[in-house]
**Student:** 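To start, I am sharing the structure in question, which I have written as structure tokens.
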Amino acid sequence: MLEIYNTLAREKQEFVPIVPGKVGLYVCGMTVYDYCHLGHARVMVVFDMAVKWLEASGYAVNYVRNITDIDDKIIRRAIENGESIGELTARFIEAMHEDASALGVAPPDHEPRATQYVEHMISMTNTLIAKGLAYPAPNGDVYYSVHDFEGYGRLSGKSLEDLRAGERVEVDPSKRDALDFVLWKSAKPGEPSWDSPWGKGRPGWHIECSAMSEELLGEHFDIHGGGQDLQFPHHENEIAQSEGAHGHKFVNYWMHNGFVRVDDEKMSKSLGNFFTVREVLEKFDAEVVRFFILRAHYRSPLNYSDQHLMDAKAALTRLYTALRRLEVLEVSDHSSCDNLDWDTQYAKRFRAAMDDDFNTPEAIAVLFDMATEANISNSVPLSIQLRKLGGVLGLLQRDPRQFLQGDSKQSQGMSAGQIDTLIQQRTDARKAKDFAESDRVRNELLQAGIILEDGPQGTTWRRA
RNA sequence: GGCGGGGUGGCAGAGUGGUCAUGCAGCGGCCUGCAAAGCCGUCCACACCGGUUCGAUUCCGAUCCCCGCCUCCA
């Protein structure tokens, strides 16, 4: 039985889908004006893991992850770059797909773009006006009237009074209430715009998710996710919009993942302390990055540093080393766990961990216990199960040798051929009991970052 | 200021009212020509002060400190 920590309830709750066997999941994705940083990677990996677990649990998941392809920052960046908005967003959407794919993140079932749903946003805004929850202002903007939506602040645990006390921005005179947020922005000269009942303009940020989730998942669906920083105001405003427009419950379970940090501070664009996914992938294997993310619970903060990535690499190396020992090289299907035996003690522990609010650190600990036993017993079935359970997390699906020896085209050290030649030289020296020469060759390889391991079947190697 | 989340062994990171997290690192051993890998053993914890309890790292209260949201942000 799966339990999910529901931000709305501030506690773990048993997951009960609206329609038995099915899950509707919406996750707020990227605003595409720059490369993904590690924070974005975390959202993608975490919800990819959640989808994989839901599927392994027998649910048919309808996963929607949107793309914001129109907003102030995009407009500004396009002007700075001297390119069109379409060129800019197409470029970064493609980059995002490359990053996601590298990290083993499966594409969502739907990836709607805001610009494709402007009609829906206009009609939803109209509905909100008709219901007295929104109003057009003299400046051509349309605002949501926060005061008129009962329960505003429930998700973020804030009251209107608290919010007012903490106001840090100057009040826009066209708003009736300082906390009202924009549904529709009137176009400034030169900006991209759409026709609407309130003149030319473009949608505000929050309305897109309300409109697109309704189109693709319906007015009421199971799980809505995103980074913790979206809890307020973005998700709070989505609730106000969707529940205001529909007159009933919007989402049953809200999931928020914790931040990636650098030196104990949130990694963010505004602080400028971010690392892009592609920067990190130049230094570290993508599976190591995925492992690093999944090694912490999704709601905990995750501190980034090279040292922590190196630790993650060492840990993942242990798992792959265990797999290599047993020569379990056949590649299994990533998504399928058809012939995974869930009745073993290990699988039960794994399941219990994952059912407990996606406790991946605990699930990974089970993997290590399996590796230890596999190393002792040399049990091939156990090793296969280790690989399959790893596969549920999107890990351990590669040929162990490929992981341990690295991709020859991306490593700038010795080629496999050179290494083999030196190993043969050393083997000959060892046969002749010339250990001085043998150790010299081994040291030469070590200098090149190659570690040798002598085994019953001969000498194998891996990259440090 | 308001609201929320935390402080676990050298590092990372789970968890629990009373014998094990897990990984890396350290130490001792086995194995090895020597290593590496692996195995066995082992050291190092639960911010601080009170309270509840037969017993608290785990529950309650106070204190200190950190982080996040309240503004675009995953």
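A note on names: the letters A, B, ... follow the listed sequences, proteins ahead of strands, and every chain is numbered from 1. What you are looking at is a predicted structure, and each value in this text was computed from that prediction instead of being measured.
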**Student:** Is A:N375 touching bases, backbone alone, or none of the nucleic acid, heavy atoms closer than 4.0 Å?
**Tutor:**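 Sugar-phosphate, backbone atoms only, no base.
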**Student:** Check every strand shown and say whether A:G258 touches a base, only sugar-phosphate, or nothing at a heavy-atom separation below 4.0 Å.
**Tutor:**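 The answer is base, as A:G258 lies within the cut-off (heavy atoms under 4.0 Å) of a base atom.
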**Student:** What is the separation between atom CG on A:D229 and atom P on B:G4, rounded to the nearest whole Å?
**Tutor:**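 It works out to 19 Å between those atoms.
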**Student:** Could you pick out which residue, A:L452 or A:A365, lies toward the 5' side of RNA chain B when each is mapped onto its nearest nucleotide?
**Tutor:**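 In this pair, the answer is A:A365.
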**Student:** Kindly assign one of parallel, tilted or perpendicular to the pair A:F15 and A:Y253, based on the angle between their ring planes and the thresholds 30° and 60°.
**Tutor:**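 Plane angle between 30° and 60°, so tilted.
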**Student:** Can you tell me if CD on A:Q447 sees more than 12 non-hydrogen neighbours from other groups inside 6.0 Å?
**Tutor:**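 For A:Q447, atom CD is crowded (more than 12 foreign heavy atoms under 6.0 Å).
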**Student:** CG of A:L230 versus C1' of B:A74: gap in Å, rounded?
**Tutor:**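 Roughly 6 Å, once rounded to whole Å.
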**Student:** Measure CZ/A:F292 against P/B:C24 and give the value in whole Å, please.
**Tutor:**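 In whole Å, B:C24 P lies 17 Å from A:F292 CZ.
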**Student:** Determine whether a donor-acceptor pair (one donor, one acceptor, N or O, separation below 3.5 Å) exists between the side chain of A:D454 and the base of B:C34.
**Tutor:**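 Pair found.
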**Student:** Does the Lys NZ or Arg CZ of A:R65 fall within the cation-pi geometry relative to A:F47 - under 6.0 Å from the ring centre and within 45° of the axis?
**Tutor:**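 No cation-pi geometry.
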**Student:** How does RNA chain B look in dot-bracket notation if pairs are Watson-Crick or G-U with both distances under 3.5 Å, crossing ones as [ ], other-strand ones as |?
**Tutor:** (((((((..(((.....[...))).(((((.......)))))....(.(((..]....))).))))))))....
**Student:** If we take the P atom in both B:A45 and B:C30, what is their distance in whole Å?
**Tutor:**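 Each nucleotide's P atom is 28 Å from the other's.
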**Student:** Please confirm whether the backbone N or O of A:G449 pairs with a side-chain atom of A:R463, one donor and one acceptor, at under 3.5 Å?
**Tutor:**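 No; zero donor-acceptor contacts below 3.5 Å.
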**Student:** Is the backbone of A:C36 close enough, under 3.5 Å, to the side chain of A:R278 for a donor and an acceptor to pair up by distance?
**Tutor:**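 Judged by distance alone, no pair lies under 3.5 Å.
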**Student:** Can a donor-acceptor pair be found, under 3.5 Å and without considering hydrogens, that links the side chain of A:E236 to the backbone of A:R154?
**Tutor:**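 Pair found, side chain donor or acceptor close to backbone of A:R154.
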**Student:** Taking only heavy atoms on the protein side, list every residue of residues 352-364 of chain A lying under 4.0 Å from any atom of RNA chain B, sorted numerically.
**Tutor:**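 A:N359, A:P361, A:E362, in order of number.
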**Student:** Check the distance between B:A36's C1' and A:R430's CZ and give it to me in whole angstrom.
**Tutor:**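 My rounded result for the distance is 11 Å.
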**Student:** Rounded to whole Å, please give me the gap between CE in A:M44 and C1' in B:A74.
**Tutor:**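 After rounding, the gap between these two atoms is 10 Å.
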**Student:** Taking any heavy-atom pair under 4.0 Å as a contact, classify A:H37: base, sugar-phosphate, or nothing.
**Tutor:**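 A:H37: base contact, heavy atoms under 4.0 Å.
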**Student:** Could you check whether the rings of A:F291 and A:F368 sit parallel, tilted or perpendicular, using 30° and 60° as the cut-offs?
**Tutor:**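 Taking A:F368 first and then A:F291, their aromatic rings stand perpendicular (interplane angle over 60°).
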**Student:** With a non-hydrogen cut-off below 4.0 angstrom, is A:F435 in contact with a base, only sugar-phosphate, or nothing?
**Tutor:**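 Base: the residue A:F435, judged by heavy atoms under 4.0 Å, touches a nucleobase.
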**Student:** Which whole number of Å gives the distance between the P atom of B:C20 and that of B:C70?
**Tutor:**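 Per the computed distance, 42 Å lies between those P atoms.
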**Student:** Check whether A:D357 reaches the backbone of A:Y5 with its side chain - one donor and one acceptor, N or O, closer than 3.5 Å.
**Tutor:**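 Judged by distance alone, yes, a pair lies under 3.5 Å.
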**Student:** Regarding A:T321, tell me which of base, sugar-phosphate or nothing describes its non-hydrogen contacts under 4.0 Å with the strands shown.
**Tutor:**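 The residue A:T321 makes sugar-phosphate contact but no base contact.
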**Student:** Should the pair A:F403 and A:Y320 be assigned to parallel (<30°), tilted (30 to 60°) or perpendicular (>60°) ring geometry?
**Tutor:**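 Rings of A:F403 and A:Y320: parallel, under 30°.
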**Student:** Could you work out which one of B:G23, B:G2, B:C34 sits closest to the side chain of A:K158?
**Tutor:**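 When the side chain of A:K158 is considered, B:G2 is the closest of B:G23, B:G2, B:C34.
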**Student:** Distance check: side-chain N/O of A:K269 vs OP1/OP2 of B:A74, anything under 4.0 Å?
**Tutor:**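 No, A:K269 has no side-chain N/O under 4.0 Å of OP1/OP2 on B:A74.
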**Student:** What distance, rounded to whole Å, do you find between the two P atoms, one in B:G15 and one in B:C59?
**Tutor:**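 Straight-line distance between the two P atoms is 12 Å.
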**Student:** Taking the P atom in each of B:C60 and B:G7, what is the distance between them to the nearest angstrom?
**Tutor:**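 Comparing P positions in B:C60 and B:G7 gives a spacing of 14 Å.
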**Student:** Closer than 3.5 angstrom, by distance alone: can the side chain of A:E287 be matched with the main-chain N or O of A:L395 as a donor-acceptor pair?
**Tutor:**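 Not at all, since once roles are kept as given, no pair shorter than 3.5 Å links the two residues.
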**Student:** Here's a test of your reading of the structure: between A:R10 and A:F368, which maps to the more 5' nucleotide of RNA chain B?
**Tutor:**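 Its nearest nucleotide being more 5', the pick is A:R10.
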**Student:** Going by the angle between their ring planes, with limits at 30° and 60°, are A:W254 and A:H224 parallel, tilted or perpendicular?
**Tutor:**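 Parallel.
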**Student:** Quantified in whole Å, what is the P atom distance between nucleotide B:C40 and nucleotide B:U53?
**Tutor:**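 Result for the P pair: 43 Å, nearest Å.
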**Student:** CZ of A:F259 versus P of B:G68: gap in Å, rounded?
**Tutor:**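 The answer, rounded to whole Å, is 8 Å.
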**Student:** Select one nucleotide: of B:C11, B:G33, B:C70, the one nearest the side-chain heavy atoms of A:R442.
**Tutor:**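 From the listed options, B:G33 comes nearest.
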**Student:** Go through residues 93-101 of chain A and report each residue with a non-hydrogen atom lying under 4.0 Å from RNA chain B, sorted by number.
**Tutor:**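 Those residues: none at all.
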**Student:** Using a 4.0 Å heavy-atom cut-off, does A:G39 contact any base of the nucleic acid, only the sugar-phosphate backbone, or nothing at all?
**Tutor:**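 Touches a base.
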**Student:** What integer number of Å spans the C1' atoms of B:C54 and B:A12?
**Tutor:**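 Approximately 36 Å lies between the C1' atom of B:C54 and that of B:A12.
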**Student:** Would you measure the distance from the C1' atom in B:A56 across to the matching atom in B:G4 and give it in whole Å?
**Tutor:**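 Pairwise C1' distance, B:A56 against B:G4, rounds to 26 Å.
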**Student:** Of the listed nucleotides (B:A36, B:G2, B:A74), which one gets closest to any side-chain atom of A:D162?
**Tutor:**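 The answer is B:G2.
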**Student:** In whole angstrom, give the distance that lies between atom CZ of A:F291 and atom C1' of B:G13.
**Tutor:**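 Taking atom C1' of B:G13 as the reference, CZ of A:F291 is at 11 Å.
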**Student:** I'd like the P distance from B:C69 over to B:G10, given in whole Å.
**Tutor:**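 31 Å, rounded to whole Å.
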**Student:** By the 4.0 Å heavy-atom rule, please label A:V27 as base, sugar-phosphate, or nothing.
**Tutor:**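 Since no nucleic acid heavy atom lies under 4.0 Å of A:V27, the category is nothing.
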**Student:** Select base, sugar-phosphate, or nothing to describe what A:D369 touches, counting heavy atoms under 4.0 Å on all strands.
**Tutor:**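 Here A:D369 touches the backbone only, sparing every base.
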**Student:** For A:K269, look at atom NZ and say whether over 12 heavy atoms of other residues, nucleotides or ligands are found less than 6.0 Å away.
**Tutor:**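 Yes, enclosed.
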**Student:** Just the rounded figure in Å: distance from P of B:C39 to CD of A:E453.
**Tutor:**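 Distance check: A:E453 CD to B:C39 P gives 13 Å.
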**Student:** Kindly assign one of parallel, tilted or perpendicular to the pair A:F221 and A:F250, based on the angle between their ring planes and the thresholds 30° and 60°.
**Tutor:**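 A:F221 and A:F250: perpendicular rings.
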**Student:** Which part of the nucleic acid, if any, lies within reach of A:R65 when heavy atoms closer than 4.0 Å are counted: base, sugar-phosphate only, or nothing?
**Tutor:**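 It contacts nothing in the nucleic acid.
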**Student:** Would you call the rings of A:F274 and A:H37 parallel, tilted or perpendicular, taking 30° and 60° as the class edges?
**Tutor:**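 Tilted: the ring planes of A:F274 and A:H37 meet at 30° to 60°.
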**Student:** Starting the side chain at C-beta, find the nucleotide from B:C69, B:C39, B:C34 nearest to A:K266.
**Tutor:**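 Looking only at heavy atoms from C-beta outward on A:K266, the closest nucleotide is B:C69.
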**Student:** Is there a side-chain contact between A:S300 and the phosphate of B:A14, meaning an N or O under 4.0 Å from OP1 or OP2?
**Tutor:**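 The answer is yes; a side-chain N or O of A:S300 sits under 4.0 Å from OP1 or OP2.
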**Student:** So, are A:K188 and A:D72 salt-bridged, with charged N and O less than 4.0 Å apart?
**Tutor:**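 Salt bridge flag = no for A:D72 with A:K188.
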**Student:** Which part of the nucleic acid does A:T372 contact within heavy-atom distance under 4.0 Å: base, sugar-phosphate only, or nothing?
**Tutor:**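 Sugar-phosphate only.
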**Student:** Of the listed nucleotides (B:A36, B:A37, B:A12), which one gets closest to any side-chain atom of A:H308?
**Tutor:**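 Nucleotide nearest to A:H308's side chain: B:A12.
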**Student:** Identify whether any heavy atom of A:M310 sits under 4.0 Å from a base atom; if not, whether one sits that close to sugar-phosphate; answer base, sugar-phosphate or nothing.
**Tutor:**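 Contact class for A:M310: none.
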**Student:** Within the pair A:R318 and B:C39, is there a side-chain N or O less than 4.0 Å away from OP1 or OP2?
**Tutor:**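 Yes, because at least one side-chain N or O of A:R318 sits under 4.0 Å from OP1 or OP2 of B:C39.
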**Student:** Does A:R77 use its side chain to pair, donor to acceptor, with the backbone of A:D34 at less than 3.5 Å?
**Tutor:**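 Not at all, since once roles are kept as given, no pair shorter than 3.5 Å links the two residues.
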**Student:** Can you tell me if the side-chain N/O atoms of A:R295 get under 4.0 Å from OP1 or OP2 in B:A12?
**Tutor:**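 No, outside the criterion.
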